[in-house]
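See structure below.
Because the structure is a prediction, the values reported are computed rather than measured. The chains referred to below are lettered A, B, ... by the order of the sequence lines, with proteins before strands, and numbering in each begins at 1.
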Protein chains: 2
Amino acid sequence: MTAPRRSFRRENPDARKDALIRAALSLIARRGPGAATVRAIAEEAGVTQGLIRHYFTTKEDLLNAAYQFHMQAQTEAIEGLVALGPAGARQRLARMVATSVSPPVAAPEALSLWAGFIHMVWRDPAMHATHERSYLRYRDLLQAHIASALDEAGRAVPPQEARTLAIACNAVLDGLWLEAGALPEAFGKGELVRIGLRSVGAILGLELSSDEAGA
Amino acid sequence: MTAPRRSFRRENPDARKDALIRAALSLIARRGPGAATVRAIAEEAGVTQGLIRHYFTTKEDLLNAAYQFHMQAQTEAIEGLVALGPAGARQRLARMVATSVSPPVAAPEALSLWAGFIHMVWRDPAMHATHERSYLRYRDLLQAHIASALDEAGRAVPPQEARTLAIACNAVLDGLWLEAGALPEAFGKGELVRIGLRSVGAILGLELSSDEAGA
DNA sequence: AAGGTAATTATGCGGACGTATAATTTCAGG
DNA sequence: CCTGAAATTATACGTCCGCATAATTACCTT
């Protein structure tokens with residue numbers, strides 16, 4: 001009684017790559033980088049391990065693609081949510097704050113992914129480039145919204161000052177993002193959004209109310 | 001020509017444990033959790049791998065001890081540096097800010113360690129307890145210094161308000177700590193300290209100058 | 001100086017890892 | 001329906017992993 005060879009369907013190559021990437025991300029997020037073995041990724045994606053080599057020359061190659069996919073998705077999620085809703089500069093800034101410290105951007109899975117990738121980011125130049133690009137793109141977006149909001153309030157600032165303010169506000173958001181991911185049960189619902197709005201508001205000398213941050 | 005058995009010296013058990021713990025931390029910090037194999041740790045500590053089993057019942061046991069060691073060292077480093085220097089409440093707060101966003105507390109190695117441990121922290125209850133204890137101890141210390149500084153300025157606040165302020169300031173410091181570790185080359189010398197003092201000052205409505213933060 | 005004990009090294013085991021390659025199966029085009 | 005190419009499965013290989021255990025050695029006690 002030899003086991004019959006398992007049947008399969010041919011899939012669109014892009015869909016297969018996508019499935020493998022998502023499987024890798026899911027494993028890293030849920031169970032850490034050590035759990036993302038070639039065999040586990042293949043099983044999670046519902047294929048056998050040999051297929052990974054058919055689509056990616058090496059495991060590292062797959063993880064590179066996964067990191068890029070994740071960072072791009074995260075960035076686009078933020079930009080998309082910020083673009084929706086009322087159009088005033090102050091409201092947009094408030095929305096960026098709220099989005100950055102709320103799920104799904106701020107969540108244990110996101111933090112887990114970030115932690116799982118950081119060592120590869122330092123070793124691999126391509127991943128390092130992706131990392132830096134994403135970070136600066138986010139900070140530039142934040143800086144633009146800060147400058148607009150201050151401008152709208154009749155308090156235009158020079159670029160150098162805007163950069164400093166953006167670094168400071170970015171630090172607040174990164175910190176809250178980190179804590180939301182690391183100790184999700186330690187904060188009440190909406191507490192981190194309120195603290196984020198208040199802190200960024202204090203740094204900028206602007207009033208950012210919670211009402212303005214809602215969708 | 002069979003190789004001669006390698007010679008060795010007996011060491012104080014505590015010193016050996018310490019060496020093994022430091023070796024594990026060094027490997028995780030420099031090359032990631034995947035590099036911290038039993039064999040690599042032993043080599044880094046200058047012993048053979050069997051010795052690890054003699055001092056720790058399992059690898060996980062060693063990593064638990066290493067995490068606890070690291071967190072305690074980090075906390076004590078901060079508390080020690082804050083205690084030094086001029087004794088005014090505002091100065092102490094400024095020193096806590098500066099210490100938290102400067103090496104060795106804020107550095108790529110520290111961030112790397114944190115990232116390397118976070119998955120174990122979630123899975124292992126003992127490590128989770130260590131994690132939460134360290135976090136709250138740090139935040140309580142920060143909250144105490146904030147309350148003192150505000151009190152000194154004649155602006156005493158109720159505990160609930162102090163808690164919120166501590167969470168906000170903690171987020172700023174965590175965020176700057178994160179960025180100092182992730183992109184150390186992206187900031188000028190002293191820039192993060194300046195931004196930290198200014199941001200915490202803005203949140204609290206206090207003036208925290210750089211001069212006061214120095215040793 | 002001898003002997004005992006704990007510290008340390010040395011060796012081995014079974015399993016999982018990443019990668020390579022061969023064997024099959026699906027599916028599109030004639 | 002047939003055939004060829006690509007997608008997919010299956011199997012194998014060498015390495016490294018954590019852990020176990022046996023053999024040796026350094027040091028303390030007397």
Run the salt bridge (charged side-chain N to carboxylate O under 4.0 Å, His left out) test against [X] and tell me which residues pass, sequence neighbours left out.
{"X": "Arg31(B)", "answer": "none"}
{"X": "Arg6(B)", "answer": "none"}
{"X": "Arg198(A)", "answer": "Glu161(B)"}

Side chains of Arg133(B) and Tyr138(B): does their closest heavy-atom pair fall under 4.5 Å?
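They are not in contact (no side-chain heavy atoms under 4.5 Å apart), so the answer is no.
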Flag the pair Ile195(B) / Val101(B) as yes when at least one side-chain heavy-atom distance between them is below 4.5 Å, and no otherwise.
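When only atoms from C-beta onward are counted, Val101(B) and Ile195(B) do not touch, as no gap falls below 4.5 Å.
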Between [N] ([atom2]) and [X] ([atom1]): distance, integer Å:
{"X": "Arg16(A)", "N": "dT9(D)", "atom1": "CZ", "atom2": "C1'", "answer": "12 Å"}
{"X": "Lys17(A)", "N": "dA7(D)", "atom1": "NZ", "atom2": "C1'", "answer": "14 Å"}
{"X": "Glu43(A)", "N": "dA16(C)", "atom1": "CD", "atom2": "P", "answer": "13 Å"}
{"X": "Ile52(A)", "N": "dA20(C)", "atom1": "CD1", "atom2": "C1'", "answer": "14 Å"}
{"X": "Asp61(A)", "N": "dA20(C)", "atom1": "CG", "atom2": "P", "answer": "12 Å"}
{"X": "Ile41(A)", "N": "dT8(D)", "atom1": "CD1", "atom2": "P", "answer": "17 Å"}
{"X": "Leu51(B)", "N": "dT11(C)", "atom1": "CG", "atom2": "C1'", "answer": "16 Å"}
{"X": "Phe56(A)", "N": "dA20(C)", "atom1": "CZ", "atom2": "C1'", "answer": "18 Å"}

Looking at Glu191(A) and Lys189(A), is any side-chain nitrogen of the basic one under 4.0 Å from a carboxylate oxygen of the acidic one?
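The answer is no: the pair does not qualify as a salt bridge.
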I'd like to know if Arg53(A) reaches the base of dT19(C) with its side chain such that a donor and an acceptor end up less than 3.5 angstrom apart.
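It does not, because no donor-acceptor pair links the side chain of Arg53(A) to the base of dT19(C) below 3.5 Å.
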Write out a two-atom table: protein N or O, nucleotide N or O from nucleotides 26-30 of chain D, distance below 3.5 Å.
unit_1	atom_1	unit_2	atom_2	d
dA26(D)	N3	Arg10(B)	NE	3.2
dA26(D)	N3	Arg10(B)	NH2	2.5

Protein-nucleotides 14-17 of chain D N/O pairs under 3.5 Å:
unit_1	atom_1	unit_2	atom_2	d
dC17(D)	OP1	Thr37(B)	OG1	3.4

Heavy atoms only, 4.0 Å cut-off, all strands: where does Tyr55(B) land among base, sugar-phosphate and nothing?
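Sugar-phosphate contact only - Tyr55(B) comes under 4.0 Å of backbone atoms but never of a base.
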At 4.0 Å (heavy atoms only), tell me whether Glu11(A) reaches a base, stays on the sugar-phosphate, or touches nothing.
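Glu11(A): backbone/sugar contact only, no base atoms under 4.0 Å.
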Which residues share a side-chain contact (heavy atoms from CB on, under 4.5 Å) with Ala23(B), sequence neighbours left out:
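For Ala23(B) the side-chain contact (heavy atoms from CB on, under 4.5 Å) partners, ignoring immediate neighbours, are Ile41(B), Glu44(B), Ala45(B).
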To the nearest 0.5 Å, tell me how far Thr99(B) OG1 sits from Met96(B) CE.
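If we round to the nearest 0.5 Å, Thr99(B):OG1 and Met96(B):CE are 8.5 Å apart.
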Indicate whether OP1 or OP2 belonging to dT8(C) is found under 4.0 Å from a side-chain N or O atom of His54(B).
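Checking dT8(C) against His54(B), no side-chain N or O comes under 4.0 Å of OP1 or OP2.
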Measuring to OP1 and OP2 of dG18(C), would you say a side-chain N or O of Thr58(A) lies under 4.0 angstrom away?
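No, outside the criterion.
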Measure from the side-chain heavy atoms of Arg5(B) and tell me the nearest of dT9(D), dT19(C), dA10(C).
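Of the candidates, dA10(C) comes closest.
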Heavy-atom count around Glu43(B) CD within 6.0 Å, excluding the residue itself: above 12?
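Count not over threshold, so no.
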